[in-house]
Trainee: 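So that we are looking at the same thing, I have put the structure below in structure tokens.
Counting convention: from 1, in listed order, for ligands and their atoms alike. Note that this is a predicted model, so its numbers are computed, not measured.
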Amino acid sequence: MGVCNACRYCEGLCAVFPAMELRRQLSGPDVDYLANLCHSCGACYFDCQYAEPHEFAIGVPTVLADLREESYARYAWPGFLAPLFERNGLWVALITAFSVTVFVLGFILFSNPGVLFASGSEEGAFYRAMPHNTMAGLFGSVFLYSIIAMVLSVRKFWRASESQGSASWRSIWQATRDAAKLRNLEGGGMGCMHKSETPSNARRVAHHFTFYGFLLCLASTSTATVMHYLFGVQAPYPWWSPTVILGVLGGIGLILGPIGLLGVKKGSHSALRPVSGSGMDVAFLVMLLATSVTGLLLLFFRATPAMGILLAIHLGVVFALFLTMPYGKFVHGLYRYVSLVRHAHEQAGDKQ
Ligand code: SF4
Ligand code: SF4
């Protein structure tokens, strides 16, 4: 970063370099802030005249990718759980999904075994397998835990950055626009150089599918909550309902996006990957993919005898997704947003 601050060749590529130039010295939280501003587009690696084989061996994307992964654990809440996910992210997610699936299957067999192979797409069919209040209690608890853990982590991240004063609405609006457009994945305008010096928009497109697919699924779940509590209509919902339409569109996005991102990750240049590679980013993508695939399978086959088993698998996967969200790639989205707010705040001179 010291060499970069003297060189400044890359200052037009993304938000990292202008943020770095405001600092003569970089503290730990400063570096975490820069790491979460970085999108690993690779432009600064392929543009750098001091990258290997130069003796300086500058490799900004690798260093920032490593620091970014470390930041997930550093700011995680509760901190003692972070190493478990850090070392075995994918396995923890898969074992949780499997265990909850077995639990739900056991619950159905114990309470109402006839439902396991009963088909049903009529209103309230899912709750014959597991009563609504039990399902809401189980998943509401893990969802609440996940939200609390993420809010406390983001608060810790924001406080560690020693930002003075509150961010203005203008900074928040600027950060929201940059996040929605994934502006910094443009690599200075040409696209992302994840494989070679040839820019491509594949990663940005896959990222958009994932991001907007996630928002559509969230909207689908929210409409289901409104239908249930406000209008007293129980799941499963008909094909033409907003819940199903939003869920199908979001599910398609959450299949195309994570597959695209996993493909890009597999073929990416070694200089853009973290050296440590905890695998929590892969775990998050795999769980997103599994959530959308099992959700769509449940939708398509809910009127068949497979409904009970598909419901149990889907619930298991969703539970594991919620539980692992605060300890992996998902929090990068939150830290990144906070970093963008801070960046807009600093660039507008609010801080000074
Ligand atoms: S990455 Fe290389 S070219 Fe870019 S600012 Fe740093 S030293 Fe200069
Ligand atoms: S990899 Fe891309 S986003 Fe990250 S510092 Fe380099 S140019 Fe910026």
Trainee: On the 0 to 90° scale, with breaks at 30° and 60°, tag the His345-Trp158 ring pair as parallel, tilted or perpendicular.
Mentor: tilted

Trainee: Between Phe330 and Phe214, how do the two ring planes meet: parallel, tilted or perpendicular, split at 30° and 60°?
Mentor: tilted

Trainee: Looking at Glu346 and Arg23, is there a salt bridge between them, counting it only when a charged N and a carboxylate O are closer than 4.0 Å?
Mentor: yes

Trainee: Angle between ring planes, His132 versus His228, binned at 30° and 60°: parallel, tilted or perpendicular?
Mentor: parallel

Trainee: Look at the aromatic rings of His54 and Tyr50 and report parallel, tilted or perpendicular, splitting at 30° and 60°.
Mentor: perpendicular

Trainee: Does a side-chain N-to-carboxylate-O contact under 4.0 Å join Arg128 and Glu122?
Mentor: yes

Trainee: Need the ligand 2 atom indices (1-based, order shown) with element for anything under 4.0 Å from a heavy-atom of Val16.
Mentor: 5 (S)

Trainee: For ligand 1, note which part of Tyr50 has a heavy atom under 4.0 Å away: side chain, backbone, both or neither.
Mentor: side chain

Trainee: How close does the nearest protein non-hydrogen atom get to atom 2 (Fe) of ligand 1, and which residue and atom is it?
Mentor: Cys48 SG, 2.3 Å

Trainee: Contact between Phe284 and Leu321 at the side-chain level, heavy atoms closer than 4.5 Å - yes or no?
Mentor: yes

Trainee: Tell me whether Arg8 forms a cation-pi arrangement with Phe17, defined as NZ or CZ under 6.0 Å from the six-membered ring centre and within 45 degrees of its axis.
Mentor: no

Trainee: Suppose we measure from atom 6 (Fe) of ligand 1 to each protein heavy atom; which comes out shortest, and what is that distance?
Mentor: Cys4 SG, 2.3 Å

Trainee: When you measure from atom 3 (S) of ligand 1 to every protein heavy atom, which one gives the shortest distance, and what is it?
Mentor: Gln49 OE1, 3.3 Å

Trainee: Would you mind listing which atoms of ligand 2 come within a distance below 4.0 Å of any non-hydrogen atom of Cys14?
Mentor: 3 (S), 5 (S), 7 (S), 8 (Fe)

Trainee: Cys38 heavy atoms, cut-off 4.0 Å: which ligand 2 atoms fall inside?
Mentor: 1 (S), 3 (S), 4 (Fe), 5 (S)

Trainee: What's the shortest distance from atom 8 (Fe) of ligand 1 to any protein heavy atom, and which residue and atom give it?
Mentor: Cys7 SG, 2.3 Å

Trainee: Which of the numbered atoms in ligand 2 are below 4.0 angstrom from a heavy atom of His39?
Mentor: 3 (S), 4 (Fe)

Trainee: Can you sort out which atoms of ligand 2 are near Cys44, meaning under 4.0 Å from one of its heavy atoms?
Mentor: 1 (S), 5 (S), 6 (Fe), 7 (S)

Trainee: Looking at atom 4 (Fe) of ligand 1, what's its closest protein heavy atom, distance included?
Mentor: Cys10 SG, 2.3 Å

